[in-house]
Amino acid sequence: MKRNNLLIGAALAAPLLAAASFSVSSSAQAQAAVQPSNPMQAEAHTRLDKKQLHNVSVSVENDVATLTGTVDLFAYKAEAGKLAARTHGVTSVRNLIEVGGPAIADPELEDKLMRKLMYDRVGYGNMFNAIALHVEGGVVTLAGHARTEVDRDSAVALVDYMPGVKGLVDQVQIDPVSLMDDRMRMAVARAVYGYPTLNRYALDPAKPIRISVQNGNVELYGMVDSKSDRDIAYLRANGVGGVFSVTNYLVVAESSRARQ
């Protein structure tokens, strides 16, 4: 087979990221002033008393909790924000925590995440998730479609706990939940992956042909080996009963290599 999973991931990314807006904000540098002890601050401090947050400080003023310090992973920064927000009386949180850890170049970080994302949720219908990513300044933007909130949350967690990630923008859309769409997903998957000339794609755990269904409208993402495979996948999906439309975003492996 001429494909590789990085190319498959790039094929997913192109159409899915086209409509996404990226906003990368720099980390705040200023440290919050130490405030006199008060009940809310004491409670917030207790909630943040965890090993992974030992370098984090919290101050509370006018019902606003301000977090400063450093953590090793972005997941810990997000955790600190959630813990502070649970403090009784706190109405908002200013999360100025810096994410430390290794400095990884954006292209390298994007490749590492893409490899993991392609195999995320294997065995749980990963063919129905069309999630792409983009990295800029260590901040990861996730875009595209997930079948369920669990699938979206799994992709988010994958990013949260990756060393080198400094921030996360979640723009993943959850596909509509309906009996009709669920039946259509399975029907399209059987029609595409079950066709003799396309059956070899089903053997790849990464499931290089991704299927998103939104209110009867089907979108195909990913990468195939030839234009013939791309056209057959479209025809097979379009032949499923009840399908309103099929948008074919599949790309051909050789065409993708030629553009690199």
Side-chain angles (χ1 to χ4, degrees), residues 17 19-110 112-113 116-117 120 131-144 146 148-174:
L17 293 169
S21 60
F22 304 112
S23 86
V24 179
S25 58
S26 61
S27 298
Q29 302 296 321
Q31 294 289 331
V34 177
Q35 301 296 321
S37 178
N38 60 61
M40 281 191 291
Q41 182 164 316
E43 180 185 343
H45 184 272
T46 299
R47 289 181 180 276
L48 294 168
D49 186 16
K50 297 181 178 296
K51 181 179 179 180
Q52 65 269 28
L53 304 177
H54 68 279
N55 286 329
V56 173
S57 299
V58 58
S59 63
V60 180
E61 184 177 4
N62 297 327
D63 301 339
V64 177
T66 299
L67 301 174
T68 57
T70 61
V71 292
D72 294 331
L73 296 172
F74 178 74
Y76 299 156
K77 175 177 179 176
E79 178 187 8
K82 291 176 182 177
L83 290 171
R86 293 175 189 163
T87 302
H88 293 89
V90 167
T91 58
S92 63
V93 176
R94 296 175 64 234
N95 196 337
L96 306 182
I97 295 172
E98 299 275 356
V99 181
I104 302 177
D106 288 347
E108 181 183 351
L109 183 58
E110 193 166 296
K112 286 183 175 181
L113 286 168
K116 288 183 173 292
L117 191 61
D120 191 39
I131 301 175
L133 63 89
H134 171 78
V135 181
E136 186 175 342
V139 177
V140 180
T141 297
L142 290 175
T148 66
E149 289 187 11
V150 173
D151 294 319
R152 190 268 314 279
D153 292 348
S154 180
V156 168
L158 184 153
V159 174
D160 280 349
Y161 285 93
M162 172 65 74
V165 171
K166 308 302 181 184
L168 171 64
V169 179
D170 177 13
Q171 297 182 347
V172 177
Q173 300 177 41
I174 308 299

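Note that CG of L83 and CG of L67 are 9.0 Å apart. Values are rounded to the nearest 0.5 Å. Here the CG atom belonging to L109 is positioned 5.5 Å from the CD1 atom belonging to I104, to the nearest 0.5 angstrom. Of the inter-residue distances, the one linking S57 atom OG with Q41 atom CD reads 9.5 Å to the nearest 0.5 angstrom. To the nearest 0.5 Å, atoms CG (L133) and CD (Q171) are separated by 12.0 Å. Once rounded to the nearest 0.5 Å, the distance linking CG of D153 with CG of L158 reads 12.5 Å. Distance check, rounded to the nearest 0.5 Å: CG of L96 to OG1 of T68 gives 7.0 Å.
Here the side chains of N55 and V71 are not in contact, with every heavy-atom distance at 4.5 Å or above. T87 is listed as a side-chain neighbour of R47, based on a closest heavy-atom distance under 4.5 Å. Contact of the L142 side chain with the V159 side chain is registered, since non-hydrogen atoms from C-beta on lie closer than 4.5 Å. Annotation: side chain of P163 is in contact with side chain of L73 (closest heavy-atom distance under 4.5 Å). Side-chain contact check for E79 versus K82: every heavy-atom pair is 4.5 Å or farther apart.
For the pair L168 and D160, the tightest heavy-atom approach, listed with the atom from each and the gap, is CD2-OD1, 3.4 Å. Nearest heavy-atom pair, G81 versus V93, reported as atom, atom and distance to 0.1 Å: O-CG2, 4.0 Å. Smallest separation of non-hydrogen atoms from H88 and M40: O-CG, 3.2 Å. Considering every non-hydrogen atom in both V56 and T70, the closest pair reads CG2-O, 4.0 Å. Closest of all the heavy-atom pairs between H134 and E136 is NE2-OE1, 3.7 Å.
For the residue pair D151 and T148, a side-chain donor N or O sits within less than 3.5 Å of a side-chain acceptor on the partner.
When atom types are taken as modelled, the side chain of E110 and the backbone of V135 share a donor-acceptor pair closer than 3.5 angstrom. Remark: side-chain polar atoms of D72 are not paired, donor with acceptor, to backbone N or O of V99 under 3.5 angstrom.
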